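Input: a single structure, listed below in structure tokens.
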Amino acid sequence: MLLNKLNIYSVLDLTTHFPYRYDLIKRSDLKSCNEEDKVIIDGKVDSIPILIRLKNNLNKMNFRLTTSDGNIVGVSIFNRAFLKKSLEVGTSITVFGKFEKQKNIIVASEIRVGLLPKGERIEPVYHGTVGLNSKTLSSLINNALMDYGNDLEDYIPKYLIEKYNFLNKKTALNIVHNPPSYDKLKEARIRLKYEELFCFMTKINYLKLKNKTRENGIAKTINYEALDKLISTLPFKLTEDQDKVLTEILDDLSSSNRMNRLLQGDVGSGKTIIAILAMYACVLSGYTTALMAPTEILANQHYNNIKNLLKGTNIKIELLTGSITKAKKDEIYKRLENGEIDIIIGTHALIQEGVTYKNLGLVVTDEQHRFGVLQRTCLQNKGVTPDILYMSATPIPRTYALTIYGDMDISTIKTLPSGRKKIDTFLKSTSEIKDVLKMMYEELLNNHQIYVIAPLIEENENSDLTTVNELKDKMELAFQGKFNIDIIHGKLRQVEKDKIMEKFVNNETQILISTTVIEVGVDVPNTTMIVIFDANRFGLSTLHQLRGRVGRSNLKSKCVLISDSDTKRLDVMTKTNDGFEISEEDFKLRGHGDLFGVKQSGDMTFKIADIKEDYKILLQTKKDSLEFLTNSDESLKKLKNEIISTIQEG
């Protein structure tokens with residue numbers, strides 16, 4: 001179903017598929033327009049349209065238009081041959097496009113049959129997909145609001161609606177999808193943003209309160225001698241930051257207070273080795289430890305790294321993922337229940353109903369923003385009171401960390417291990433694509449691999465952004481079949497993504513074209529270059545995360561950003577490799593994208609709110625949601641349960 005391609009599966013999904021922009025629709029006066037101005041003109045078709053076939057299945061259609069004020073202007077439109085039968089002489093139409101004043105021609109981007117209503121109006125524009133355009137989506141959304149708008153649950157308590165004089169939910173949704181004015185649109189958006197952030201902060205505060213009511217942790221006895229011995233066998237020296245962070249974690253483990261710590265560090269800063277040392281210390285103290293990763297390929301990578309690092313010990317390590325056989329799973333379940341496994345690494349399979357842990361002492365969650373809050377909680381509840389360590393390679397400003405992760409202690413690794421080389425970053429325009437292809441060819445000749453990033457999976461009539469399929473065609477043409485090229489994106493099933501990534505890890509594929517779905521944390525040391533098309537469409541933090549997919553070894557690596565606009569903002573990327581500095585700059589500039597890195601199916605994906613832009617609303621909802629949760633009024637109990645039930649993901 002076409003709607004499913006846009007992640008729309010319910011009436012709620014449809015009515016909260018918000019416009020990504022609004023256009024002010026008003027007639028233009030050609031007499032006062034300048035060369036290349038964007039115009040909206042209505043009138044009547046004055047000549048039979050002439051269709052011209054161009055190369056590569058492209059076409060162009062030309063005709064004359066008599067405008068409403070009696071002028072005659074030429075109209076050209078590309079690749080809309082299907083419109084010809086609707087454009088009979090005398091048909092009233094509205095033309096959107098660019099005015100080439102010297103030629104007296106409008107190069108149209110859109111033609112609508114029928115005249116515009118009089119006056120100005122604000123028109124919403126939606127992200128669509130092939131076969132489902134913005135106009136059709138608008139119609140579907142309005143039909144859904146008409147039929148089911150009164151049934152949509154309002155998650156703001158009545159006393160807060162009255163306090164802030166908020167619009168009711170149906171009215172706010174109607175205004176957002178059919179704005180009568182910019183003032184009303186602003187009022188409706190603030191109301192819907194508040195509701196989204198209120199639900200989010202209710203979720204966070206609910207878990208904070210839950211954590212406070214839990215029993216204290218269990219103090220572990222740390223075998224520092226054995227730990228130091230393992231550290232001495234490492235092929236590198238721990239950095240000062242790593243030493244400091246390891247001390248903080250070991251102090252937590254040996255304390256009777258339960259650890260609830262976020263370990264954040266830049267890409268490649270060495271967080272994983274700290275987590276492994278913490279797990280080793282916990283095992284030596286007589287407890288099982290679990291590490292949960294968001295994907296099978298990342299779980300496999302952790303499993304192999306930990307096995308290799310602890311091969312000189314008698315630590316029993318196992319891997320539990322969805323793809324292993326039922327017989328193997330049953331065997332692992334039994335061994336976990338009997339306490340015969342010291343370290344278990346896996347995906348969501350670790351929190352399935354049948355998994356029981358005998359003596360779970362430490363839970364490590366990698367790339368924590370990739371999991372829903374209750375998914376993480378589900379794993380930590382598998383033990384009596386296990387210590388909890390979250391890892392994130394998405395540095396965020398401390399102010400935000402304290403708001404969103406206020407119930408956690410925060411450890412930060414800023415310095416990179418010695419030997420890591422700076423990734424050279426270049427900003428190129430589309431006219432310089434030949435230079436970029438030459439750079440790629442040099443890397444490929446050295447038997448290195450390359451990531452290529454596009455912002456879209458498939459063509460969209462509302463967008464001229466580059467797609468993965470388009471890039472694959474261009475790359476195959478440029479390199480003439482000399483190298484293997486593959487595509488990976490979010491609409492593929494996980495098993496397909498894992499197979500494609502495995503081929504890339506094994507160097508069976510030399511160029512991997514992707515959307516931002518590239519697995520955060522996956523190491524492919526042989527990948528020395530990443531090329532990001534339409535880089536202006538990404539936030540700086542997202543670009544930094546993507547850049548972190550290269551430079552995973554001692555090989556010199558480079559990142560190329562391709563954009564014809566927003567170059568001042570993007571230039572920040574060419575000047576620094578510091579993720580913390582970039583995240584602060586991202587906040588100041590309020591650029592596109594998600595402050596918390598690549599948007600995934602975790603806590604930080606919002607439909608209308610923006611953490612950077614709406615930080616004041618976030619702070620208010622933090623306060624209001626805590627008051628709501630601690631309010632003993634019985635009439636609020638049902639709403640509390642409904643909000644909490646909506647936060648269970650996966």
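The model shown is predicted, which means the values in this text are computed figures rather than measured ones.
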* **Any donor-acceptor N/O pair, Asp614 side chain to Asp610 backbone, under 3.5 Å** => yes
* Asked: Are any of the side-chain heavy atoms of Val550 and Met529 separated by less than 4.5 Å?
  -> no
* Asked: Is the shortest distance from a Lys or Arg side-chain nitrogen in Asp424 or Lys556 to a carboxylate oxygen in the other one below 4.0 Å?
  -> yes
* Asked: When you measure from the side chain of Glu296 to the backbone N and O of Thr321, does any donor-acceptor pair fall under 3.5 Å?
  -> no
* Asked: What pair of heavy atoms forms the shortest contact from Ala278 to Ile249, and how long is it?
  -> CB-CG2, 3.8 Å
* Asked: Hey, what do you get for CD1 (Ile413) to OG1 (Thr415), rounding to the nearest 0.5 Å?
  -> 7.5 Å
* Asked: Does the pair Lys229/Glu225 count as a salt bridge with the N-to-O cut at 4.0 Å?
  -> no
* Lys503 versus Leu512: any side-chain heavy-atom pair under 4.5 Å? -> no
* Does atom NZ of Lys334 have more than 12 heavy-atom neighbours from other groups under 6.0 Å away? -> no
* Asked: What do you reckon, is NZ of Lys640 surrounded by more than 12 foreign heavy atoms closer than 6.0 Å?
  -> yes
* Distance only, no hydrogens: is a donor on one side chain within 3.5 Å (strictly under) of an acceptor on the other, for Ser255 and Asp252? -> no
* Can you check whether Ile332's main-chain N or O pairs, donor with acceptor, with Glu318's side chain at less than 3.5 Å? -> no
* Counting only N and O atoms by type, is there a donor-acceptor contact under 3.5 Å from the side chain of Gln264 to the main-chain atoms of Ile410? -> no
* To do: Could you check whether the rings of Phe198 and Phe628 sit parallel, tilted or perpendicular, using 30° and 60° as the cut-offs?
  => tilted
* At what distance, to the nearest 0.5 angstrom, does CG of Leu291 lie from CD1 of Ile276? -> 8.0 Å
* To do: Kindly say whether Glu196 contributes a backbone atom to a donor-acceptor pair with the side chain of Lys607 at under 3.5 angstrom?
  => no
* To do: Have a look at Cys282 and tell me which of Thr289, Ile343, Thr288, Val363 forms a side chain to side chain contact (heavy atoms under 4.5 Å, CB included) with it.
  => Thr289
* To do: Please report the closest heavy-atom contact between Phe236 and Ile273, naming both atoms and the distance.
  => CZ-CG1, 4.1 Å
* **Residue pair Tyr206, Ile643: steps toward the side chain to side chain contact (heavy atoms under 4.5 Å, CB included) verdict** => CA-CA 10 Å; Tyr206 165 73; Ile643 293 176; over 6 Å; no
* When you check the gap from the basic side-chain N to the acidic O, do Lys326 and Asp330 get nearer than 4.0 Å? -> yes
* Structure fact -> Between Pro525 and Ser553 the two heavy atoms that sit nearest each other are O-OG, 3.1 Å
* Any chance the side chains of Tyr287 and Asp387 put a donor and an acceptor closer than 3.5 Å? -> no
* **Thr247 vs Lys244, side chain to side chain contact (heavy atoms under 4.5 Å, CB included): CA-CA, chis, key distance, verdict** => CA-CA 5 Å; Thr247 299; Lys244 176 175 171 287; 5.9 Å; no
* Structure fact -> Distance col, row Leu230:CG vs Thr313:OG1, nearest 0.5 angstrom, shows 7.5 Å
* Distance (rounded to the nearest 0.5 Å) between Leu570 CG and Leu543 CG -> 6.5 Å
* Report yes or no: does Asn577 contribute a side-chain atom to a donor-acceptor pair with the main-chain N or O of Lys422 at less than 3.5 Å? => no
* Asked: Salt-bridged, Glu195 to Arg191, with N to O below 4.0 Å?
  -> yes
* Asked: Do you know which two heavy atoms are closest between Thr221 and Ser285, and how far apart they sit?
  -> N-OG, 3.0 Å
* **Side chains of Thr621 and Phe200 in contact at under 4.5 Å (non-hydrogen atoms)** => no
* Rounded distance (nearest 0.5 Å) linking atom CG of Asp228 with atom OG1 of Thr233 -> 11.0 Å
* Does Asp578 offer a backbone N or O that forms a donor-acceptor pair with the side chain of Asp266 under 3.5 Å? -> no
* If only atom types and distance count, is the side chain of Gln242 paired as donor or acceptor with the main-chain N or O of Gly270 below 3.5 Å? -> yes
* To do: Measure the CZ-OG1 distance between Phe504 and Thr527 for me, rounded to the nearest 0.5 Å.
  => 3.5 Å
* To do: Could you give me the CA-CA distance, side-chain angles and deciding distance for Leu362 and Met259, then say whether side chain to side chain contact (heavy atoms under 4.5 Å, CB included) is met?
  => CA-CA 9 Å; Leu362 172 65; Met259 177 168 72; 3.6 Å; yes
* To do: Return yes when atom NZ of Lys414 has more than 12 non-hydrogen atoms of other residues, nucleotides or ligands closer than 6.0 Å, and no otherwise.
  => no
* Asked: Would you say Thr542 and Leu546 make side-chain contact, with heavy atoms under 4.5 Å?
  -> yes
* Asked: Would you call Gln301 and Asn305 a side-chain contact if the rule is heavy atoms closer than 4.5 Å?
  -> yes
* Asked: Is Lys623 salt-bridged to Glu627, cutoff N-O under 4.0 Å?
  -> no
* Of the non-hydrogen atoms in Ala299 and Thr347, which two are nearest, and what is the gap between them? -> CB-CG2, 4.1 Å
* **Verdict with reasoning, Thr412 to Asp241, per side chain to side chain contact (heavy atoms under 4.5 Å, CB included)** => CA-CA 8 Å; Thr412 302; Asp241 278 359; over 6 Å; no
* Asked: Judged by atom type as modelled, is there a donor-acceptor pair below 3.5 Å linking the side chain of Asn359 to the main-chain atoms of Gly286?
  -> yes
* Asked: Are any non-hydrogen side-chain atoms of Ile190 and Lys193 less than 4.5 angstrom apart?
  -> no
* Please indicate whether Glu331 has more than 12 foreign heavy atoms, meaning atoms of other residues, nucleotides or ligands, lying under 6.0 Å from its CD. => yes
* Are Leu636 and Pro157 close enough that some pair of their side-chain heavy atoms sits under 4.5 Å apart? -> yes
* To do: For Arg547 and Met573, indicate whether the former's side chain and the latter's backbone hold a donor-acceptor pair under 3.5 Å.
  => yes
* Asked: Does atom CD of Glu240 have more than 12 heavy-atom neighbours from other groups under 6.0 Å away?
  -> no
* Which pair of non-hydrogen atoms, one from Ala293 and one from His302, has the smallest distance, and what is that distance? -> CB-CD2, 4.2 Å
* **Side-chain donor-acceptor pair present, Asp633, Tyr159, cut-off under 3.5 Å** => no
* Asked: Hey, are the side chains of Ile344 and Val355 touching, using non-hydrogen atoms and a 4.5 Å cut-off?
  -> no
